[in-house]
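Computed over heavy atoms, backbone and side chain alike; hydrogens, waters and symmetry mates excluded. Here the structure is a predicted model, which means the values were calculated and not measured.
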Amino acid sequence: MRNGNQLDTAADLLALLGDTATEERRDAQLDALALAVAADLPVLLWGEPGIGKTAGLTQLAADLDLPLTTVIASVHEPSDFAGLPVVGDDPAVNGVPMAPPDWAVRLCAAGKGLLFLDELSTAPPAVQAALLRLVLERRVGALTLPPGVRIVAAANPRGSAADGWELSPPLANRFVHLQWTHDTGVVVRGLGGVWPRAVLPRLDRARLPEAVTYARRAVQTFLTARPGLVHRMPGAEQARGGAWPSPRSWDMALRLVAFATAAGTSREVLSMLVRGTVGDGPGLELLASLDRLDLPDPETLLADPDNAPLPERGDLRQAVLDGVIAAVRDRPERERWDAAWTLLARAVETGPPDLVVVPATTLAALRREEWDVPALIDRLAGTVALSRRAVAA
Amino acid sequence: MDLEKLYAARLHAAQTRPYLAAALFALHVVESPSTPTMAVDRHWRCYVSPAFVDRRTVADLAGVWVHEVSHLLRDHPGRGDAYATEHGVDGPGERLRMNIAADAEINDDVYDAVLPMPADAVRPQTLGLEPGEVMEYYLRRFRLGGRTQPFAWLDCGSGADGHARAWELGPGGARGLTKEERDAIRFRVARGIAGAPGDAPSGWQRWAERVFHPPQPWRELLGNAVRSAASAAGAGDDYTYQRPGRRSSSVPGVVLPALRRRPPSVCVVVDTSGSVSDGELGSALLEVTAIGRALGGRRDLVTVMSCDAAVATVGRLCQAADIPLAGGGGTDMREGFAAALKRRPDVIVMLTDGQTPWPSARPAARTVIGLFPRRSEKWVATPPWARVVRIG
């Protein structure tokens, strides 16, 4: 009787401990995972054990309304993924069918689901080989998983994996690699009783055609400028087992840019996805190229110099003004030259004057003899004084 | 505030340091009388005291602009936080130390004949330390005391040490840059420097090479290479048909594989031709043999031999201290390979400076080469069939 009471009290204490609140919070890495899963690309999560990979996937599965199946690779044999042989009456005539395990049959019957292959890196090599076939070809034994099943794998980083497991370059190229880290602040707050509830990105149906156009233009513009990055095998010892650029991974990156655009997610999420697909260097370069793509077009600015928006950030504004001056130099005409002066005057009045000095000097040098100096040049007088002080220094 | 003077200084800075122009123009100026001089926060806002602008010349201010933007480009707030977490120390004194160390790192590259160094700037020499090192190196080597007394007023804002100040706007304030925007600017500056290497001083070139490809510690890389060579198919735990699996009893007539452990044998060949320093060699050897033992579990599976022009000694590994190393003179590692292959190892680890001929064909064991640098020469060619880890 006394023991029973103790257990009841313990259950009450456990219930109290389990009574936690949640708060809405955007989580960039979960956003990235959700988009990659939505884009139907194989994802590989790299993270230390015990930092909430499974918790993140549970939230994702609930949000996508998919049943979650977790398979821990290290406790399975290769035949569990390649299929278990079932010997019939006359194997030589009928063959030996490879029977799939129960979870695969259930996934097929449901037609949809989220399959999470945990601890890929701690499984023996033969099991990993069988698992990778499952991830990439979606086959378990004789069974093919339906398209509604999305697959996410998780592995420990090679530094912390005991046996230094790593992916060969062809395999690494097929995955979106996402680094999974924990945020100390979130963990501390969660232990205090308030866990975050992720708000996942939503694809906006109205933006779909625009997103596809944007993604195609972005990748095309970038690779036209940097053809060397279309295909580059990882060479250095550091880059082993990670993402690298190839036509396949650029196609994946294009898909991810389109998904991120349609969902309107932040640059941080897009950066994680793109860097995880084509590697850090090419990914960052693509993002830098996207920044330039987002800047206003010089011709638009010259067409409507009084109202066209100028970027607030100093370095972007300078890049835009340089672009405008270059456009005037390419096709020097009286109206375009005047419009550029109007733009420069507006730039001086709405932001720091120092970054207008070089464009103004270049534009003045483009003057033809028959062109009159516009009256609004007085508005730029301040920059001349400023430029003199800089030269005098 | 004399904004014209401040912006004239920024223009001067951008003209003398064109490779930093994008970063300089990205800074957003905030007038702030409570800031002691000029300071930056980690969101790329620049706080300026009007009195400070009045006191200094345009050339002086230009130097300060470059100084502040250098803190941000070199990610001193992030590195300061990382140092505080790693060492478990934090507080005003520790953050002041970080600011001093950060200044010591950048001031060598900031000033020259055009932008003169102010008399009160922190230099490694004033701390009694050698120049050309990084913030983390300096942090381990000085304390607050007599030498640092003149710098007690130093305050470059949270952009230099990561600690938020009362007069800063904080993450929610206007016109701050997000982490992605900050990374994009740093990447653009680094690409600019790497693309035109003649223009920037060597400190900035080193930064540009490493900022997005931080060098990993060679111990980790060497460990990864040896571990992955020793655990690849054919060695370590794996399934084998040499013996039927226990599950076979449930499917009569079918042979299922069993999990067998085949501990890998590792052979370490050490180049003792005299060009490799003892300290480096010793630490690399310890690393490899420790990994070999952890993987194999049996000490007779790790062999160490030394090699110069001919193979001198072969030693079984008992204790790392006992490994006999003999040699000196020219090197021919082909002899080392031939001797190692006689023992049929799974993995050969070669520790050498690379001044040697290599076998023309791929040997019958996975090969990891630990390559030591030579003072006088650049890195040497290595065979394509080996994994190469540069040590040091």
Side-chain angles (χ1 to χ4, degrees), chain A residues 28 77-79 84-87 91 96 123-127 129 158-159 161-166 184 236-241 266-271 280-281 284-285 287-288 290-291 312-319 352-355 357-358 382-383 385-393, chain B residues 3-5 7-12 14-15 21-29 57-59 62 175 177-181 183-185 187-188 191 212-213 215-216 220-221 223-228 230-233 236-239 245 247 251-254 256-257 259 295 387-390:
Chain A
E77 285 189 6
S79 47
L84 295 148
V86 180
V87 184
V96 178
V127 176
R158 59 179 189 157
D163 53 359
W165 176 77
E166 65 180 28
T184 321
E237 184 68 24
Q238 282 103 320
R240 276 174 175 273
S266 69
R267 264 296 148 80
E268 192 188 352
V269 174
L270 183 58
S271 159
D280 275 350
L284 277 165
E285 287 202 42
L287 288 172
L290 284 182
D291 279 343
E312 288 278 303
R313 232 172 80 193
D315 57 325
L316 297 183
R317 180 174 281 215
Q318 186 219 7
D354 53 342
L355 46 89
V357 169
V358 176
T383 57
L386 185 147
S387 150
R388 283 215 190 94
R389 284 178 85 168
V391 173
Chain B
L3 275 176
E4 190 188 281
K5 187 175 181 184
Y7 284 129
R10 183 160 81 168
L11 183 63
H12 185 50
Q15 281 168 347
L24 283 166
F25 288 140
L27 285 171
H28 173 60
V29 174
T57 67
V58 172
R175 302 285 302 271
L177 299 190
T178 64
K179 188 177 174 304
E180 292 313 308
E181 289 172 322
D183 273 357
I185 294 173
F187 185 70
R188 227 168 84 202
R191 285 264 311 165
F212 288 100
H213 301 283
Q216 265 179 299
E220 214 169 276
L221 292 177
N224 285 336
V226 173
R227 272 195 287 261
S228 102
S231 62
D237 282 338
D238 205 355
Y239 285 87
R247 279 189 186 185
V251 268
V254 174
L256 290 179
L259 187 62
L295 287 173
R387 286 183 66 160
V388 181
V389 177
R390 324 212 125 157

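- From A:Ser387, atom OG reaches atom CD of B:Gln15 across 7.0 Å, with rounding to the nearest 0.5 Å.
- Contact of B:Leu3 with chain A is not made at all, since no heavy-atom distance falls under 4.5 Å.
- The CZ atom of B:Phe25 sits 5.0 Å away from atom CG of A:Asp354, with the distance rounded to the nearest 0.5 Å.
- Between atom CG of residue A:Asp315 and atom CD1 of residue B:Ile185 there is a gap of 4.5 Å, rounded to the nearest 0.5 Å.
- Evaluation of the side chain to side chain contact (heavy atoms under 4.5 Å, CB included) rule for B:Arg175 yields A:Glu312, B:His28 as partners, not counting sequence neighbours.
- Distance CD/A:Gln318 to CG/B:Leu24: 10.0 Å, rounded to 0.5 Å.
- Using a 4.5 Å heavy-atom cutoff, the side chains of A:Asp291 and B:Glu181 are not in contact.
- Between atom CG of residue A:Leu284 and atom CD of residue B:Glu180 there is a gap of 8.0 Å, rounded to the nearest 0.5 Å.
- Counting heavy atoms from C-beta outward, B:Leu11 and A:Arg389 have side chains that stay 4.5 Å or more apart.
- Of the residues considered (A:Ala319, A:Ala288, A:Ser271), A:Ser271 shows the highest number of contacts with chain B, using heavy-atom pairs under 4.5 Å.
- When each of A:Arg388, A:Arg313, A:Arg317 is checked for heavy-atom pairs under 4.5 Å with chain B, A:Arg313 comes out on top.
- Expressed to the nearest 0.5 Å, how far CZ of A:Arg267 lies from OG1 of B:Thr178 amounts to 9.0 Å.
- Taking both residues in full, the closest heavy atoms of B:Phe187 and A:Gly281 are given as CZ-O, 3.9 Å, listed atom of the first, atom of the second, then distance.
- At least one side-chain heavy atom of B:Arg10 sits less than 4.5 Å from a side-chain heavy atom of A:Pro352.
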